[in-house]
Participant: 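The structure's right below; bear with me while I get my questions together.
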Amino acid sequence: MHRARLAALALSGLALLAACGDTHLGVSPRVAVAPILDSLFVGDTLPARTARYFDAQGDSQATGSIRWASSDTTVLRVDSVSGELVGRGRGSAVLTARANGITGSAFLVVARALDVSLLLDTILLMPGDTFTVPVVVRVKGGGGAAVWFRAPANPYFALDSATGRDSARVAGPARPFYVFAATATDTVADSGATEVVQLTDTTGGKGSFSVLGTVIRRARAGARAVNYRRQGDTATFRVSLPVTVGGIAVENIVITLRDSVRAPGTFPVDSISPSEVATANFVCRPLRSWALWSIQTASSSTLRGLSRRGGGITITQVIAVPHGFAVSGRFAFTGQRNDLYDDPLGALPIRGTFVAPLIADTRPCR
């Protein structure tokens, strides 16, 4: 089983932030729980995970007694003394082990014996775009399952039942679609929506994205793209997908490319580090293409997922509209949590789609 991919399908939401924030990984003294990413099926029982205590010098010491806990006992039950795990319901939970006054954490996903999940449940397309709906199917024991797609009849998009290829026809409101998975004994389904957007001016962009892993976010957003003047250099491209509350952006996806975008194409996304984000020039003079996700937390701090090398963004169409252009596209990258930057638990698979106005800004970047 692909554990990392399974962990990306967790459904428990931002409540995990507080639990994961107390991991102490990468800080001495600390408790390391292994494996830090794991999975099981509903009804499965697993023995206790391994917990090791490291002192302030980084040396392994006796842990003494360990107290175990689960962030969501409806998903994962753990015996507080023995550490035995029982999968109770579909979802995800943070498992904590406390020893010598220090807490360490691991992240576990519990799946049904047959499960199908959309990795992106809202798809934004421009007429003429195509997009293959991303799904993951899990079968206990590793057997196969039949998978098919269905969308109620509509004039806006067509969905291939065998491949999940979503073809946008004409602009129209969001309409649902479904994905099914079946074995000889069970059938399950998940649902999403496709909206076909046609911009007529440089306003009204729309985006959608999902953030998976130890933070779970599925959001509809605005979308806006710009080719802007780099400090002392040529134009560069940026697209942003802000989620606003009362006119204030509380969450955002920002993707910046080293060069401007004037035609369709696929462009790699490189990495950006916390130290680079702390400088002003990472926007006005980017050294390479990068992406990030950010959100304001309940404590008024900013949690970020900073791109690792290996992601990408595809611009599928660039069309002229009054006062500029409109672009459509999709992206996928791994964002590393800034508070868990050296921890595999902090890797967040991020993907999305957008239809956005594209303007040119020739003012010097400040």
Side-chain angles (χ1 to χ4, degrees), residues 119-120 122-134 156-160 163-172 174 192-210 220-230 233-242 252-270 283 286 288-293 307 309-335 349-362:
L119 298 182
L120 184 65
T122 302
I123 298 168
L124 281 300
L125 302 175
M126 191 184 291
D129 282 343
T130 61
F131 181 75
T132 300
V133 177
Y156 311 119
F157 67 92
L159 187 64
D160 186 280
T163 65
R165 184 179 176 87
D166 197 346
S167 300
R169 293 172 171 168
V170 297
T194 294
E195 182 176 353
V196 183
V197 180
Q198 181 75 71
L199 298 184
T200 58
D201 203 336
T202 53
T203 59
K206 295 184 178 183
S208 69
F209 61 86
S210 65
R220 293 290 301 267
R224 188 165 179 81
V226 58
N227 285 320
Y228 66 98
R229 184 179 173 186
R230 293 161 48 84
D233 207 340
T234 58
T236 192
F237 172 85
R238 179 175 69 239
V239 63
S240 58
L241 279 68
N252 206 354
I253 298 278
V254 178
I255 302 173
T256 297
L257 300 182
R258 178 62 177 78
D259 298 306
S260 61
V261 167
R262 304 186 185 280
T266 298
F267 309 92
V269 170
D270 210 318
V283 172
R288 54 192 174 276
S289 300
W290 55 262
L292 64 80
W293 162 80
S307 61
R309 182 176 298 175
I313 178 173
T314 295
I315 303 298
T316 52
Q317 293 191 67
V318 180
I319 65 170
V321 297
H323 309 115
F325 296 88
V327 297
S328 59
R330 66 286 311 263
F331 57 86
F333 65 93
T334 296
I350 299 169
R351 67 183 70 222
T353 58
F354 59 88
V355 177
L358 172 62
I359 64 169
D361 187 348
T362 59

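Position 1 is the first residue of the sequence; numbering continues from there.
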Participant: Examine distances only and state if a side-chain atom of Thr334 and a backbone atom of Pro349 form a donor-acceptor pair shorter than 3.5 Å.
Facilitator: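 Such a contact is absent between Thr334 side chain and Pro349 backbone.
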Participant: Supply the atom-to-atom distance Trp290 CH2 to Phe333 CZ, rounded to the nearest 0.5 angstrom.
Facilitator: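 Interatomic distance, Trp290 CH2 to Phe333 CZ, rounded to 0.5 Å: 9.5 Å.
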Participant: Just jot down the side chain to side chain donor-acceptor pair (under 3.5 Å) partners of Ser307, sequence neighbours excluded, or say none.
Facilitator: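 So Ser307 forms no side chain to side chain donor-acceptor pair (under 3.5 Å) with any residue.
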Participant: Do the non-hydrogen side-chain atoms of Arg229 and Thr362 ever get within less than 4.5 Å of each other?
Facilitator: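 Not touching, per the 4.5 Å side-chain cut-off.
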Participant: Looking at CG of Leu125 and CD of Gln198, how far apart are the two atoms once the value is rounded to the nearest 0.5 Å?
Facilitator: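 Taking CG in Leu125 and CD in Gln198, the distance rounds to 12.0 Å.
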Participant: Does the side chain of Arg238 reach to within under 4.5 Å of the side chain of Ile255, using non-hydrogen atoms?
Facilitator: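 No; the side chains remain at least 4.5 Å from each other.
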Participant: Where is the tightest heavy-atom contact between Phe157 and Ala168, given as atom of each residue plus distance?
Facilitator: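 Smallest interatomic distance, heavy atoms only, reads CB-CA, 4.2 Å.
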Participant: Please name all residues satisfying salt bridge (charged side-chain N to carboxylate O under 4.0 Å, His left out) with Arg165, sequence neighbours left out, ordered by chain then number.
Facilitator: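 So Arg165 forms no salt bridge (charged side-chain N to carboxylate O under 4.0 Å, His left out) with any residue.
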Participant: Which distance, rounded to the nearest 0.5 Å, do you find between the NZ of Lys206 and the OG1 of Thr122?
Facilitator: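 Answer for the NZ-OG1 pair, Lys206 versus Thr122, is 11.5 Å.
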Participant: Testing the basics here: between Ala223 and Phe354, what is the closest heavy-atom pair and its distance to 0.1 Å?
Facilitator: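 Closest heavy-atom pair between Ala223 and Phe354: CB-CB, 4.1 Å.
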Participant: Nearest 0.5 Å, what's the CG-CD1 distance between Leu292 and Ile253?
Facilitator: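 One gets 8.0 Å once the value is rounded to the nearest 0.5 Å.
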Participant: Determine the minimum heavy-atom distance between Pro268 and Ser289, stating which atoms define it.
Facilitator: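 Closest approach of Pro268 to Ser289, heavy atoms only: O-CB, 3.5 Å.
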Participant: Grab the two heavy atoms, one from Thr236 and one from Pro286, that are nearest each other, plus how far apart they are.
Facilitator: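 Looks like OG1-CG, 4.3 Å.
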Participant: Pairs of donor and acceptor atoms involving the side chains of residues 317-326, under 3.5 Å and at least two apart or interchain, shall be tabulated with distances.
Facilitator:
unit_1, atom_1, unit_2, atom_2, d
Gln317, NE2, Pro127, O, 2.9
Gln317, NE2, Asp129, OD1, 2.8
His323, ND1, Asp201, OD1, 3.1

Participant: What's the shortest heavy-atom distance between Leu241 and Phe209, and which atoms?
Facilitator: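 Of all heavy-atom pairs spanning Leu241 and Phe209, the closest is O-CE2, 3.9 Å.
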Participant: For Pro357, enumerate each residue passing the side-chain contact (heavy atoms from CB on, under 4.5 Å) test, keeping only those at least two apart in sequence or located in another chain.
Facilitator: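 Expected list: Leu199, Thr202, Arg224.
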Participant: Applying side chain to side chain donor-acceptor pair (under 3.5 Å), name anything that partners Ser167, two or more places apart in sequence or on another chain.
Facilitator: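 So Ser167 forms no side chain to side chain donor-acceptor pair (under 3.5 Å) with any residue.
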Participant: Within the 4.5 Å heavy-atom criterion, are Asp361 and Asn227 side-chain neighbours or not?
Facilitator: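 A side-chain contact is absent here, since even the closest heavy-atom pair is not under 4.5 Å.
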Participant: Using the side chain to side chain donor-acceptor pair (under 3.5 Å) criterion, which residues pair with Ser208? Sequence neighbours excluded.
Facilitator: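 Ser208 satisfies side chain to side chain donor-acceptor pair (under 3.5 Å) with Thr353 only.
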Participant: Side-chain contact, heavy-atom cut-off 4.5 Å: Val196 with Val170?
Facilitator: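 Contact flag for Val196/Val170 side chains = no.
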Participant: Side-chain donor-acceptor pair under 3.5 Å between Ser240 and Asn252, yes or no?
Facilitator: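 Per modelled atom types, Ser240 and Asn252 side chains form no pair under 3.5 Å.
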Participant: Enumerate, atom names and distances included, each donor-acceptor pair closer than 3.5 Å involving a side-chain atom of residues 256-265, sequence neighbours excluded.
Facilitator:
unit_1, atom_1, unit_2, atom_2, d
Arg258, NH2, Asp233, OD2, 3.4
Ser260, OG, Arg262, NE, 3.4

Participant: Mind running side chain to side chain contact (heavy atoms under 4.5 Å, CB included) on Ile123 and Glu195 for me, showing each step along the way?
Facilitator: CA-CA 6 Å; Ile123 298 168; Glu195 182 176 353; over 6 Å; no
Participant: Sequence neighbours left out, what passes side chain to side chain donor-acceptor pair (under 3.5 Å) with Asp270? Give chain and number order.
Facilitator: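 For Asp270 the side chain to side chain donor-acceptor pair (under 3.5 Å) partners, ignoring immediate neighbours, are Arg309.
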Participant: What are the two closest non-hydrogen atoms of Val327 and Ala225, and how far apart are they?
Facilitator: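 Of all heavy-atom pairs spanning Val327 and Ala225, the closest is CG2-CB, 4.2 Å.
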Participant: Taking the side chain as every heavy atom from C-beta outward, state whether Leu124 and Phe131 have any atom pair closer than 4.5 Å.
Facilitator: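 Contact flag for Leu124/Phe131 side chains = no.
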Participant: Are Val239 and Phe237 packed together at the side-chain level, in the sense that at least one heavy-atom pair is separated by less than 4.5 angstrom?
Facilitator: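 Heavy-atom side-chain distance check passes, below 4.5 Å.
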Participant: Within a strict 4.5 Å, meaning less than it, do heavy atoms of the Thr132 and Thr163 side chains meet?
Facilitator: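 Thr132 vs Thr163: side chains apart.
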